[in-house]
There are 4 protein chains.
Amino acid sequence: MILSMSRKISEPAERIRSAALSLFIKNGITGTTTKEIAREAGVSEGSIYNHFESKGDLALKLFLECMAMFREVLDKKSLEADTPSGKLEAVIHAFFDFARREPEVYAYIMVGHFTELGKIPKTVKKPVDVFSAIIKSGMESGEFPGHDEKLRAAYITGMLTRAILFHKTGVLRMSYRAIVRETVKSSLKVLGSDGCVQK
Amino acid sequence: MILSMSRKISEPAERIRSAALSLFIKNGITGTTTKEIAREAGVSEGSIYNHFESKGDLALKLFLECMAMFREVLDKKSLEADTPSGKLEAVIHAFFDFARREPEVYAYIMVGHFTELGKIPKTVKKPVDVFSAIIKSGMESGEFPGHDEKLRAAYITGMLTRAILFHKTGVLRMSYRAIVRETVKSSLKVLGSDGCVQK
Amino acid sequence: MILSMSRKISEPAERIRSAALSLFIKNGITGTTTKEIAREAGVSEGSIYNHFESKGDLALKLFLECMAMFREVLDKKSLEADTPSGKLEAVIHAFFDFARREPEVYAYIMVGHFTELGKIPKTVKKPVDVFSAIIKSGMESGEFPGHDEKLRAAYITGMLTRAILFHKTGVLRMSYRAIVRETVKSSLKVLGSDGCVQK
Amino acid sequence: MILSMSRKISEPAERIRSAALSLFIKNGITGTTTKEIAREAGVSEGSIYNHFESKGDLALKLFLECMAMFREVLDKKSLEADTPSGKLEAVIHAFFDFARREPEVYAYIMVGHFTELGKIPKTVKKPVDVFSAIIKSGMESGEFPGHDEKLRAAYITGMLTRAILFHKTGVLRMSYRAIVRETVKSSLKVLGSDGCVQK
DNA sequence: AATGAATGAGAGTTCATTCAT
DNA sequence: AATGAATGAACTCTCATTCAT
């Protein structure tokens, strides 16, 4: 997985990270025991404590790494387009792609939202901030007329996460590609000018 | 809280329910001990088991009750308007109102989404189904042109939950009323006709 | 069952006795809960304590009653024959009959041997004492030449209980009647004169 | 005790085994708590679970070990004599010796008969099988005329266990040696030819 | 760094018994 | 006598963490 791309996957610390990630997603953080992590990683239980201070430390570091990885991917894609709407479209595609290609990283970000988010400083950049920035520039250029970029970024991420969630649970019958296309369109609608829709 | 409106709040079962709800929200279900629930409810630990089969049973029953309560409130509000867009507006208002007036019930629905949702039969009606129904009727009447009512209901609930979450965490500086108004408008945009936005 | 022959079986105390007996045999005394006894007896849990001081008291009283019943049956049969060997035969038949007709009473005597026997005074007459008395009179009459009537009574009861146990567990292929006949013969052999066997 | 002869008695697993054995005999299996076992063994309560899956697992493993040890001792002694009656005498002596030298192992076999015996496969060899084999060979050689070796093995084990039980409870006034001698004689009588006794 | 047995606090749950009704 | 909810002590078992090797 990407998490370990630049590191040797065979290294204990990396194997622990990978095992913990899988288990945290499947059973939750409190629902995962250090014994399970050690078994899955093929290391001894005590070995975990040579690399991480505690189970909580492991969970949090993992969360930060996942968040950073996600945000970086979105950030990079954002640079590949010029206009706010172009950037938005690119980032939404990247969002869906990431959820598909790194399902565990994505899933853990969702899982950790409740328990880990409160433990990190507010200054840490999160995926939603990428949307905020794009929308803000769109507001300034007049492309996305409106007021609060944070609220609107909240709308977009809400739409995206829910769409992905519903797709994963098998509620929707549309193809993945169609969902992405539809979501881009709907996002642009949300950010569009007020005068248009109401008639 | 509404949960106990029609029952004597002094009854042990009700006190257990109320205590568990608060604690589950604050510390999560696995993070809450039966000892804490008992202390908070003012009953003995063993007493919990005269009313619920296990801690898990308590958590699940509570989740079902919260879901049902929320859905009923939305359902009732939905009947007070005639047109799909009228219904949508009414239900969005009800959604925000509920989150504000029953913050614990609302919070527990969010918390339980990951752990409890998978344990209940798919036939149980959920808040999102209220939106689905409204959108579907709007699609049939032509008011909400488009295809998949479930995906679009996912968009709406995503927008709402994120907006409420961001408001709670203090990220947004808008007034509650302004957020609600803005969210209604944005929701209608998402469901509006395709031709309009793109230029 | 005989236990309640002279009492109204519908009376709570009797229903408790009957339910407890069944359950104690099936699951052991410590393995049986008062809740189960109450349910099986169709009374409330608290009702048990209107009739017995505790679960232990119930178990012990039941044990004493079972022992007394068994011993009385053997005693009575013993009187129906005149000679020691005649009495022995009659009592062995009665022993097997009792185990067959009152399987629960018999089973509970076996079960309670380890836990209850130590709680009752040594003066209480037990089934083995019936054998002791017969053997003693046989030793005095010269019919059962030998020394220690208690050891020999131990032999006889050991043979009987093991034979019944093995029959119940299905290890033996002989008919019940054949086992009884064989056991009578073998018992008489054990008590027979010494000079005979050794050559 | 023999159980640990070939192992270091200071090892935790062995200390747990030893402590559990003593306590199970004294208070029964359900009557013994893991806390008591841990205290008696000088280990922490949790440590029990590093060596055994559960208290029930500990009780069962202990039972199987005790049974195996007993049967092996009897088996070995059986080989030291040539004729069936010689073997029988040797094994009866070994039976009494074992009960005296390994009182805890012997006692636990008796205690476990009710609760553990049903949990082990029927193919596991038990002490009674040693008697069965001897009697069978005696029946074939004509030394022990008669039919069912299993029933007769049941007689012998019944006599032995009851004799030991009565000796332990102090009911008998004979010396241990005399009891053993008497029991050998009586056992041979039971297995002797029919014609003799009845005279 | 790596191990894994040992720890002990504490988890969820059970249950004989009590007691107000 | 009868009830059954309430009790609280005690139960078995779990688990993050430590530490001698």
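Just the heavy atoms: all of them, side chains too, but no hydrogens, waters or symmetry mates, feed the values below. Small disclaimer: the values here were computed from a predicted structure and weren't measured.
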A/K126 NZ to A/M67 CE distance, which is reported to the nearest 0.5 Å: 5.5 Å
Residues in contact with DNA chain F, drawn from residues 26-42 of chain B - heavy-atom cutoff 4.0 Å: none
Qualifying residues under side-chain hydrogen bond (donor to acceptor under 3.5 Å, both in side chains), relative to D/T30, sequence neighbours excluded: C/T30
Along DNA chain E, first and last positions that approach a heavy atom of chain D under 4.0 Å: E/dA6 to E/dG8
Nucleic acid contacts of residues 47-57 of chain B, taken as heavy-atom distances under 4.0 Å to DNA chain F: B/S47, B/N50, B/H51
Of all pairs that satisfy salt bridge (Lys or Arg N to Asp or Glu O under 4.0 Å), the ones with a partner from residues 34-51 of chain D, not counting sequence neighbours: D/K35-D/E45
Closest heavy-atom pair and its distance - B/P103, B/K168: O-NZ, 4.4 Å
Please tabulate, one pair per line, all N/O donor-acceptor pairs under 3.5 Å involving side-chain atoms of residues 110-119 of chain C, not counting sequence neighbours.
from: C/H113; atom 1: ND1; to: C/I109; atom 2: O; distance (Å): 3.1
from: C/E116; atom 1: OE2; to: C/K119; atom 2: NZ; distance (Å): 3.4

Consecutive-pair stems (3 or more, Watson-Crick or G-U, under 3.5 Å) for DNA chain F: E:2-21 with F:2-21
For B/T169, side-chain contact (heavy atoms from CB on, under 4.5 Å) partners two or more places apart: B/L165, B/V171
side-chain contact (heavy atoms from CB on, under 4.5 Å) partners for D/S22, two or more places apart: D/E104
First encountered from the 5' end of DNA chain F, between D/G46 and B/A13: B/A13
Nearest-angstrom distance from the residue atom CD of B/E45 to P of F/dT7: 12 Å
Where at least one partner belongs to residues 41-62 of chain D, residue pairs that pass ring pair (Phe, Tyr, Trp, His ring centres under 6.0 Å), sequence neighbours excluded: none
With B/Y108 via ring-ring contact (aromatic ring centres under 6.0 Å, His included) - residues at least two apart: B/F24
Gap between atom CG of A/L58 and atom CZ of A/F63 - 0.5 Å precision: 13.5 Å
All pairs passing salt bridge (Lys or Arg N to Asp or Glu O under 4.0 Å) where residues 50-62 of chain B contributes a residue, at least two apart: B/D57-B/K61
Approximate separation, where rounding is to 0.5 Å, of A/L62 CG and A/S18 OG: 9.0 Å
